[in-house]
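See structure below.
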There are 2 protein chains.
Amino acid sequence: MREPTYFILAALQDEPRHGYAILTRVAELSQGRVTLATGTLYQALDRLAREGLIEVVRDEVVNGRARRHYALTGDGRAALRAEAVRMAEAAQVVLRVRPA
Amino acid sequence: MREPTYFILAALQDEPRHGYAILTRVAELSQGRVTLATGTLYQALDRLAREGLIEVVRDEVVNGRARRHYALTGDGRAALRAEAVRMAEAAQVVLRVRPA
DNA sequence: CACCATATGCCGCCAACTTACATATGTAAA
DNA sequence: TTTACATATGTAAGTTGGCGGCATATGGTG
């Protein structure tokens, strides 16, 4: 899993969000380091939904603009956790932070 | 930077190594999780040398077999550290391990 | 009027990884 | 002795996912 994908899942950790809200949330979570291109975002959402890591939970129209809300599935939550653990372990190989 | 690349650099942290030694060291460091295909390895070595993150430090022939030894450059060491910090921070977003 | 924020989406390109193949020696097992 | 595996390096073709650019549409601000 690559970084943009990881942060997209991470953005859905606390609550379901629609595409654009994910965009801003990812920037927030990464402290501005990751700013998703919309091409990356919407293609990733389709792919992750196909893979069953996220799912559409609501379609609404606000001010004439469509909003499609996505939420993590059980699989998605597990994959996100696993990925975080993997990264933490990989980081420790170099940082040698507490042999845990 | 993707995982295979990260572990290739990490394998050179303590001392210079030749390709095949990097292969086995990566498996060791990742506890068997990452087993590099030779295609990935040798192409990555070329690329990383081109980018100045690693450099050839010695060419030798042992038992009729060539060995090309690579070492981290200053840039490579810095890039590796930066990547490790980035991953640790990204992992914390999900794991919320000690606000540091 | 132009521009930006909000909101979604497509298309072509490219970098990096994967799979498979190719080559060569030394050693251990069948 | 011949088969197979560890050691050692490399190339070629194919896949994936992220990037940049473009398109579309509304509402608010300079």
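Chain A is the first sequence line, chain B the second, and so forth, proteins listed ahead of strands; every chain is numbered from 1.
- Closest approach of B:Tyr42 and B:Tyr20 over heavy atoms only: OH-N, 3.9 Å.
- With the nearest nucleotide of DNA chain D identified for both A:Glu3 and B:Val62, B:Val62 has the one nearer the 5' end.
- Each of A:Gly64 and A:Met1 has a nearest nucleotide on DNA chain D; the 5'-most of these lies closest to A:Met1.
- In this entry the distance linking OH of B:Tyr6 with P of C:dA16 reads 18 Å, nearest Å.
- With rounding to the nearest 0.5 Å, the separation of CG in A:Leu41 from OG1 in A:Thr35 is 12.0 Å.
- If you take CG of A:Asp59 and C1' of C:dG9, they are 14 Å apart, rounded to a whole angstrom.
- In this structure, the separation between CE on A:Met87 and CD on B:Glu89 is 11.0 Å, given to the nearest 0.5 Å.
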Run B:Leu45 and B:Ile22 through side-chain contact (heavy atoms from CB on, under 4.5 Å) and show every step you take.
CA-CA 10 Å; B:Leu45 289 175; B:Ile22 292 172; 3.9 Å; yes

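- Distance check: B:His69 NE2 to B:His18 NE2 gives 6.0 Å after rounding to the nearest 0.5 Å.
- Applying the salt bridge (Lys or Arg N to Asp or Glu O under 4.0 Å) rule to pairs touching residues 19-32 of chain A yields A:Asp14-A:Arg25, A:Arg25-A:Glu28, sequence neighbours excluded.
- Separation of atoms CD (B:Gln92) and CG (A:Leu29) is listed at 13.0 Å; rounding is to 0.5 Å.
- Only B:His18, B:Gly19, B:Tyr20, listed by number, bring a heavy atom of residues 8-33 of chain B to less than 4.0 angstrom from any atom of DNA chain D.
- Looking at A:Asp75, A:Val85, A:Leu53, A:Leu9 one by one, the single match for side-chain contact (heavy atoms from CB on, under 4.5 Å) with A:Leu80 turns out to be A:Leu9.
- Of all the residues in residues 34-48 of chain B, B:Thr38, B:Gly39, B:Tyr42, B:Gln43 reach under 4.0 Å from DNA chain D with at least one non-hydrogen atom.
- One finds no side-chain N or O of B:Thr5 lying less than 4.0 angstrom from the OP1 or OP2 phosphate oxygen of C:dA16.
- With hydrophobic clusters built from ILVMFWY side chains whose heavy atoms lie under 4.5 angstrom apart, B:Leu48 does not share a cluster with B:Val57.
- What you find for B:Ala90 and A:Phe7 is that their closest heavy atoms are CB-CZ, 4.0 Å.
- For B:Glu83, the salt bridge (charged side-chain N to carboxylate O under 4.0 Å, His left out) partners are B:Arg86, not counting sequence neighbours.
- Using a 4.0 Å cut-off on heavy atoms, the residues of residues 67-76 of chain B that approach DNA chain D are B:Arg67, B:Arg68, listed by number.
- The distance from atom CD of B:Glu55 to atom CG of B:Leu12, rounded to the nearest 0.5 Å, is 10.5 Å.
- In this entry the distance linking CZ of A:Arg2 with P of C:dT18 reads 11 Å, nearest Å.
- The outermost nucleotides of DNA chain D lying under 4.0 Å from heavy atoms of chain A, listed 5' to 3', are D:dG17 to D:dG27.
- Atoms CZ and CG, on A:Arg17 and A:Leu23 in that order, are 12.0 Å from each other to the nearest 0.5 Å.
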